[in-house]
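In what follows, every chain begins at residue 1, and chains take the letters A, B, ... in the order their sequences are listed.
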There are 2 protein chains.
Amino acid sequence: MTPSSASTAQASNNDFYAAHDKLYVATDCIIFGFDDGDLKLLIFKRRVEPDSGIWSLIGSFVKIDEDVDEAARRVLKEITGLEEIYLEQSKTYGKAERDPGYRCISVAHYALMRINDHDRELTQSHGAFWYTLQELPQLALDHQDMVRDALDKLRRRARYQPIGFELLPEKFTIPQLQKLYESIYQRELDPRNFRKKVLSLKVLVKLDEKDKSGSKRGAYLYRFDSEKYQELLESGYNFEI
Amino acid sequence: MTPSSASTAQASNNDFYAAHDKLYVATDCIIFGFDDGDLKLLIFKRRVEPDSGIWSLIGSFVKIDEDVDEAARRVLKEITGLEEIYLEQSKTYGKAERDPGYRCISVAHYALMRINDHDRELTQSHGAFWYTLQELPQLALDHQDMVRDALDKLRRRARYQPIGFELLPEKFTIPQLQKLYESIYQRELDPRNFRKKVLSLKVLVKLDEKDKSGSKRGAYLYRFDSEKYQELLESGYNFEI
DNA sequence: ACAAAAGTGTTAGTTATACACCCATGC
DNA sequence: GCATGGGTGTATAACTAACACTTTTGT
């Protein structure tokens, strides 16, 4: 915080804090996954009022002694069993009336995960399911806005930082990578130009292995070389897709 | 919020809220201005503990019935007397230990203003002063991080949205606009290429007036045509500098 | 043999960069 | 008349976008 409002600056320090309001602070997670050629969101059926029974994002209150991003990681672990998930703060939703139950602000975070990695039974036991953006049902409260804003941020960021790889398995083919970007940006890309571009970035390592799940002929697998990426960054390189 | 943590979802609704913690929520403003060819920040000397006497950003606690961005606008009005200021949310700072005085999270906002517009006496009566980024003293708490992050966001946004004009007077010259971008990006730009680029965007209107403050010859004044900009946006145009 | 996806190169258009001189004016 | 900043054009390089056919293999 910054207890520095000019109008209260003269108050003694104890009064200064005591004279102010405390609010509930929550975090909600927009969890993106990629599977079957589609970008998906993990959502679940809300079990508390208001909007009980409505689909919603996964969230939790922030505890008094807990970092806000720690709260988001706690939620992610509870629902997916995973600890090492890519997590970014998205935006804070602070309208006084946003939650009719109580005054509560929410710091939204978006997470990127490999769908196969996580414990499907765990998510299902929480009533959580993966939905494509197209199939997404109406969501509780202002969660629709949260999804829209997070998607917007994901799109911007994916263009300049190699975060797409967080959504793919360690080993992936160029056509899979292309499908990922197509589903993030919801438009088709030219396979020749796409391949040329990503390979020109010099951060993909071609493996001696093929993935035959997508075609009879099979496609070569690649992996993202994060050491190489770090090196290049230090010598003033710009990732851009 | 989203009271949807799986572990607490079974509790009755009253218990559900009551069992959680409330926190102080503040907002801090990174106020950018442009004057004398330099990008500046409005900061002031803190008058409460912790860090009393240290330079800091301007902030305030969010009231229980107040939108978070409303709190930021309230602070801006108190300190500058202005109501119509460009304001964007920057980022939320939620480390448990960020303020040694009390558990408090802060939703930082950045504001862009025309320095001449505002009441200089009002800001001075609050002990607030404009500093260039180079001259900036050490700031209280995590305000240094807030400045760095806000500047980062400003840089990204200024490239793709015409927000630079919020920092200039209504009428400005091309060399002034160039100096603004140079001070945002901290690098020199070629005057011929710069002029070509901004004029090609088709959103500047040349006026029949010259500004002679910068040179004997004087430079033509322009204004930003926001109607034209809106029109162009709707026909799929991309502003980019 | 054929269907289905993987893989490959070239060209044209657009955009970015680099660069040097004349202009108008106040002193 | 000279110092100061304002204003203009061109050539090259880099990048983007459009586009069609051959390869491999399972059935």
Side-chain angles (χ1 to χ4, degrees), chain A residues 36-38 155 158-160 168-169 171-183 185-223 232 235-241, chain B residues 34-38 155 158-160 168-169 171-183 185-223 232 235-241:
Chain A
D36 203 17
D38 265 314
R155 284 180 175 148
R159 219 156 138 51
Y160 301 106
L168 290 174
K171 302 173 182 178
F172 52 85
T173 67
I174 305 287
Q176 279 165 10
L177 185 62
Q178 181 179 341
K179 282 215 183 73
L180 170 63
Y181 279 93
E182 288 180 335
S183 76
Y185 295 106
Q186 299 280 313
R187 70 187 184 94
E188 301 209 336
L189 302 171
D190 181 277
R192 288 158 292 191
N193 293 339
F194 182 80
R195 181 180 293 265
K196 209 185 313 169
K197 185 106 148 255
V198 297
L199 292 178
S200 77
L201 295 172
K202 304 285 179 207
V203 290
L204 296 189
V205 180
K206 187 175 185 175
L207 305 176
D208 258 342
E209 233 177 308
K210 283 190 167 189
D211 171 80
K212 297 228 171 189
S213 65
S215 70
K216 291 155 188 167
R217 177 177 173 180
Y220 278 104
L221 287 163
Y222 289 77
R223 66 175 181 82
L232 288 169
S235 42
Y237 149 100
N238 257 0
F239 180 92
E240 183 180 337
I241 266 181
Chain B
F34 180 69
D35 189 27
D36 201 17
D38 264 314
R155 284 180 174 147
R159 218 157 140 50
Y160 301 107
L168 291 174
K171 301 173 183 179
F172 52 85
T173 68
I174 305 287
Q176 279 165 11
L177 185 63
Q178 182 179 339
K179 282 216 185 69
L180 170 64
Y181 279 93
E182 288 180 334
S183 77
Y185 294 107
Q186 300 279 311
R187 70 187 184 95
E188 302 209 334
L189 301 171
D190 181 280
R192 289 157 290 191
N193 293 338
F194 183 80
R195 180 179 293 266
K196 209 185 313 169
K197 184 105 148 254
V198 297
L199 292 178
S200 77
L201 295 173
K202 305 284 179 208
V203 290
L204 296 189
V205 180
K206 187 175 185 173
L207 305 176
D208 258 342
E209 231 177 308
K210 283 192 167 188
D211 171 79
K212 297 226 172 191
S213 66
S215 70
K216 291 153 189 171
R217 176 178 175 179
Y220 279 104
L221 287 163
Y222 288 77
R223 64 175 183 81
L232 287 169
S235 42
Y237 150 100
N238 257 2
F239 180 93
E240 184 180 336
I241 266 183

*asked:* Rounded to whole Å, how long is the line connecting atom CD of B/E182 with atom C1' of D/dG5?
replied: 13 Å

*For A/Q176 and for A/K216, find the nucleotide of DNA chain C with the closest heavy atom, then tell me which residue's nucleotide is more 5'.*
A/K216

*Taking heavy atoms of chain B and a 4.0 Å limit, find me the 5'-most and 3'-most nucleotide of DNA chain C within that range.*
C/dT17 to C/dG26

*Return the value, rounded to whole Å, for the distance between atom CZ of B/F172 and atom P of D/dG6.*
15 Å

*Atom-pair distance (CG on B/L221; C1' on D/dG6), nearest Å*: 13 Å

*Heavy atoms of other groups near B/E240 CD, more than 12 under 6.0 Å*: yes

*Please say whether more than 12 non-hydrogen atoms of neighbouring residues, nucleotides or ligands are located less than 6.0 Å from OH in A/Y220.*
no

_Heavy-atom pair of closest approach, residues A/G37 and A/S183_ = O-CB, 4.0 Å

*asked:* Please report the distance, rounded to the nearest Å, between CZ in A/R195 and P in D/dA18.
replied: 19 Å

*Measuring from A/L199:CG to A/Y222:OH, what's the distance to the nearest 0.5 Å?*
5.0 Å

*B/Y220 OH to D/dT8 C1': how many Å, rounded?*
14 Å

*Polar side-chain atom of B/E182 near backbone of B/L189 as donor-acceptor pair, under 3.5 Å*: yes

_Closest-nucleotide 5' rank along DNA chain D - winner of B/K210 and A/R187_ = B/K210

_From CG of A/D190 over to C1' of D/dC21, roughly how many Å is that when rounded to an integer?_
13 Å

*Within the side chain of A/D190, is there an N or O that forms a donor-acceptor pair under 3.5 Å with the backbone of A/R192?*
yes

*Whole angstrom is fine here: how far is it from NZ in B/K179 over to C1' in D/dG6?*
11 Å

_Check this for me: B/K210, atom NZ, are more than 12 non-hydrogen atoms of other residues, nucleotides or ligands nearer than 6.0 Å?_
yes

_Donor-acceptor pair (no angle test) under 3.5 Å: A/K196 side chain, D/dT16 base_ = no

*asked:* From CG of A/L201 over to P of D/dC15, roughly how many Å is that when rounded to an integer?
replied: 11 Å

*asked:* On DNA chain D, does the nearest nucleotide to A/R217 precede the nearest nucleotide to B/Y222 from the 5' side, or the other way round? Give the residue.
replied: B/Y222

